[in-house]
Amino acid sequence: MVDKNKCIGCGTCVSICPVEAISFDTDGKAVIDKKKCIRCGACQASCPVEAIDIDA
């Protein structure tokens, strides 16, 4: 769901997620909890580097 090579750790997705399904790993990259994610697409739409693909 998150391309770690593209993610810049800006936090936009974390702040916009309505169900708090996104956090950061130890490398400062976004991680999506698939059990919490409601697949609304807000994170994908807000990512400035297109690192998120909720259909992946």
Side-chain angles (χ1 to χ4, degrees):
M1 292 179 92
V2 178
D3 184 335
K4 302 287 184 179
N5 294 317
K6 289 183 177 180
C7 180
I8 58 173
C10 68
T12 301
C13 59
V14 174
S15 64
I16 204 162
C17 180
V19 294
E20 300 180 354
I22 308 172
S23 60
F24 290 113
D25 64 12
T26 56
D27 293 326
K29 306 291 182 167
V31 178
I32 300 174
D33 183 335
K34 292 180 183 181
K35 291 179 182 176
K36 289 183 180 179
C37 179
I38 59 171
R39 304 177 65 80
C40 67
C43 59
Q44 182 173 327
S46 71
C47 182
V49 293
E50 299 179 353
I52 301 174
D53 183 356
I54 61 168
D55 296 320

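Position 1 is the first residue of the sequence, and the numbers go up from there. As the structure is a computational prediction, the values presented were derived from the model and not from experiment.
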Original post:
Is there a donor-acceptor pair under 3.5 Å between the side chain of Asp27 and the backbone N or O of Lys29?
Top reply: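 Such a contact is absent between Asp27 side chain and Lys29 backbone.
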
[X] versus [Y], closest heavy-atom pair with distance:
| X | Y | result |
| --- | --- | --- |
| Ile38 | Pro18 | CD1-CG, 4.2 Å |
| Ile22 | Cys17 | CD1-CB, 4.0 Å |
| Gln44 | Ile54 | OE1-N, 2.9 Å |
| Cys13 | Ala30 | SG-CB, 3.8 Å |
| Cys37 | Ile32 | CB-CG2, 3.9 Å |

Subject >> Verdict with supporting geometry, Lys6 and Ile52, side-chain contact (heavy atoms from CB on, under 4.5 Å) >> reply: CA-CA 9 Å; Lys6 289 183 177 180; Ile52 301 174; over 6 Å; no

**OP:** Report yes if some heavy atom in the side chain of Val31 is under 4.5 Å from a heavy atom in the side chain of Met1; otherwise report no.
**Re:**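 No; the side chains remain at least 4.5 Å from each other.
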
**OP:** Walk me through it: do Asp33 and Ser23 pass the test side-chain contact (heavy atoms from CB on, under 4.5 Å)?
**Re:** CA-CA 8 Å; Asp33 183 335; Ser23 60; over 6 Å; no

Original post:
If you measure from CD1 on Ile16 to SG on Cys47, what distance do you get to the nearest 0.5 Å?
Top reply: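 Ile16 atom CD1 to Cys47 atom SG measures 11.0 Å (nearest 0.5 Å).
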
